[in-house]
Structure formats: structure tokens, C-alpha cells
Amino acid sequence: MARQYDCTDATDRKTGLREAASAVRRGELVVLPTDTVYGIGADAFSAEAVGDLLEAKGRGRNMPSPVLVGSPNTLHGLVTDFSELAWELVDAFWPGALTLVARHQPSLQWNLGDTRGTVAVRMPLHPVAIELLTEVGPMAVSSANLTGHPSPQTCDAAEEMLGDSVSVYLDGGPTPAAVASSIVDVTGKVPVLLREGALSADQLREVVPDLEVAN
């Protein structure tokens with residue numbers, strides 16, 4: 001039976017975060033608010049939990065889950081060949097609506113889907129999300145919707161779609177916007193904008209003027 005916690009109430013938030021952290025450690029799924037839309041999350045290092053996440057969304061391994069982190073410092077253990085330009089993007093836009101696609105450390109024991117040696121990683125600008133991520137470490141998190149349906153801006157909308165496939169729902173109130181994060185590939189010498197979302201190409205070029213835009 002899924003449980004929902006009102007994170008605008010201090011007592012409920014504390015209980016909800018504790019229960020969500022326990023659920024993640026047990027390999028279960030949780031829904032959490034972010035600065036873009038609500039996300040469905042799991043332990044990034046549990047292949048079974050990530051598989052359950054993809055199944056709950058009706059999504060194939062060809063669409064691997066991004067990873068959310070609670071601090072830029074976490075990147076040191078997750079990625080390799082991270083350029084100076086990539087760090088400049090982190091410094092300018094994290095926490096926030098920027099997802100970076102980087103090469104992950106070959107030694108990492110995870111299975112996020114068909115990633116071809118890369119990981120899409122972001123630090124969200126939301127206190128509830130950051131608190132949970134700080135407690136449990138990197139999480140595989142995707143928008144909390146069934147594939148093909150709109151991404152939810154409320155916890156109730158997420159629960160209507162995902163139901164009891166999720167153990168804990170953290171309700172942080174409506175998210176600020178339904179716009180997804182912008183995605184930039186930093187695996188090459190020049191950053192490439194793969195998806196323009198909350199951050200425009202012009203905003204990103206204020207930090208990396210040579211940014212290219214994928215066709």
C-alpha cells in the first residue's frame with residue numbers, strides 16, 4: 001500500500017523523508033518533487049530497482065534513467081573525463097534544470113539501461129529532493145508519469161498514474177513548471193545541447209560560448 005506524506009508540514013516531511021530513505025534502501029520506488037516535474041526514483045546501484053522503475057513507467061532499456069545527485073562533489077565518484085567546460089556548466093547551473101551527459105566511471109556497478117558507457121546526471125533545485133539524495137546517495141530518477149503521458153506537476157497526478165508500484169510519495173506541492181531540464185552532452189571537446197528545456201541555448205552560451213546544438 002502506497003503512502004503519501006505532506007512535505008509542507010514539518011512533522012510529516014521528517015517522517016516521509018525517513019520512510020522514503022528506508023524504501024530506497026530496500027530497493028523500492030519513491031516519488032519525489034523536483035524543480036521541474038515530479039520524479040519516480042530508485043537506488044541507482046540496484047539493477048532490480050531500476051528495472052522496476054522502467055517497468056512502472058512502461059519504458060524500455062533503450063531509454064535509460066537519468067541519475068540525480070545531492071551535491072556536485074558526488075560527480076567525482078561517478079564520472080570520468082569531465083572537462084573544464086563541464087565543470088563551468090555545473091558551477092553556473094547546479095543545482096538547477098541542467099542535465100549533463102558524461103562518461104561514467106567504468107568501475108561502477110550499475111545498470112541504468114542501454115547507456116553506452118554514459119550517464120545523464122543532474123542536481124535538482126528542490127530542498128526535499130536534495131535532502132533525500134544526501135541521505136541515500138545517487139538515485140535513478142525519471143519523470144513520474146506513464147510513458148506517453150504528461151509529466152506530473154503534482155504528487156496526486158503522479159499517484160494516479162503509478163499507484164501502488166511506488167511505496168512512498170513525497171508531496172512537496174505543485175512544481176514551478178512543467179518544463180523538463182535541458183540536456184547537454186559533455187562527452188566531447190565541445191558541449192552539445194541535446195534537448196532545450198528550462199535553460200535556453202542562449203543562456204548556456206553565456207557560460208560556454210562554443211556550445212553546439214544537436215540536429
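Computed over heavy atoms, backbone and side chain alike; hydrogens, waters and symmetry mates excluded.
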Can you tell me how far [atom2] of [Y] sits from [atom1] of [X], rounded to the nearest 0.5 angstrom?
X: Leu194; Y: Asn215; atom1: CG; atom2: CG; result: 11.0 Å
X: Glu55; Y: Ser165; atom1: CD; atom2: OG; result: 9.0 Å
X: Trp110; Y: Asp43; atom1: CH2; atom2: CG; result: 11.0 Å
X: Leu29; Y: Asp164; atom1: CG; atom2: CG; result: 11.5 Å
X: Lys14; Y: Glu19; atom1: NZ; atom2: CD; result: 13.0 Å
X: Glu212; Y: Arg205; atom1: CD; atom2: CZ; result: 9.0 Å

Any donor and acceptor pair, going by atom type alone, linking the side chain of [X] with main-chain N or O of [Y] inside 3.5 Å?
X: Asn145; Y: Thr147; result: no
X: Ser167; Y: Val30; result: no
X: Lys57; Y: Ser143; result: yes
X: Ser71; Y: Asn73; result: yes
X: Tyr5; Y: Thr11; result: no

Report whether [X] and [Y] are members of the same hydrophobic cluster (ILVMFWY, side-chain heavy atoms less than 4.5 Å apart, transitive linking).
X: Val192; Y: Leu204; answer: no
X: Leu68; Y: Val24; answer: yes
X: Val128; Y: Val31; answer: no
X: Val168; Y: Val50; answer: no
X: Leu132; Y: Val37; answer: no

Arg25: partners by salt bridge (charged side-chain N to carboxylate O under 4.0 Å, His left out), with sequence neighbours left out: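 Listed in chain order: Glu135.
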Salt bridge (charged side-chain N to carboxylate O under 4.0 Å, His left out) against Asp185, all qualifying residues, sequence neighbours excluded: none
[X] and [Y]: which non-hydrogen atoms are nearest, and at how many Å?
X: Ala180; Y: Arg195; result: CB-NH2, 3.4 Å
X: Leu108; Y: Gly77; result: CD2-O, 3.7 Å
X: Val179; Y: Gly197; result: CG1-C, 3.5 Å
X: Ala201; Y: Leu211; result: O-CD2, 4.0 Å
X: Tyr38; Y: Leu170; result: CE2-O, 3.3 Å
X: Arg122; Y: Trp94; result: CA-CZ2, 3.6 Å

Under the ring-ring contact (aromatic ring centres under 6.0 Å, His included) test, residues paired with His76 that sit two or more places apart: Trp87
ring-ring contact (aromatic ring centres under 6.0 Å, His included) partners of His126, counting only residues at least two apart: none
Is there a side-chain contact between [X] and [Y], using heavy atoms and a 4.5 Å cut-off?
X: Pro138; Y: Leu78; result: yes
X: Pro124; Y: Leu133; result: yes
X: Glu131; Y: Cys7; result: no
X: Met123; Y: Ile130; result: yes
X: Met139; Y: Leu53; result: no

Glu88 atom CD, neighbour heavy-atom count above 12 within 6.0 Å: yes
Stepwise side chain to side chain contact (heavy atoms under 4.5 Å, CB included) test for Asp81 and Thr187: CA-CA 8 Å; Asp81 300 327; Thr187 59; over 6 Å; no
ring-ring contact (aromatic ring centres under 6.0 Å, His included): pairs with one or both residues in residues 170-193, sequence neighbours excluded: none
Show me the donor-acceptor pairs within less than 3.5 Å that the side chains of residues 96-105 make with the rest of the protein, sequence neighbours left out.
{"residue": "Thr99", "atom": "OG1", "partner": "Ser181", "partner atom": "OG", "Å": "2.8"}
{"residue": "Gln105", "atom": "NE2", "partner": "Val79", "partner atom": "O", "Å": "2.9"}

Side chain to side chain contact (heavy atoms under 4.5 Å, CB included) assessment of Leu162 paired with Leu146: CA-CA 7 Å; Leu162 300 172; Leu146 295 173; 4.2 Å; yes
Verdict with reasoning, Phe82 to Leu75, per side chain to side chain contact (heavy atoms under 4.5 Å, CB included): CA-CA 9 Å; Phe82 207 66; Leu75 284 172; 4.0 Å; yes
Pair Leu89-Val208, side chain to side chain contact (heavy atoms under 4.5 Å, CB included): steps then yes or no: CA-CA 8 Å; Leu89 287 168; Val208 283; 3.7 Å; yes
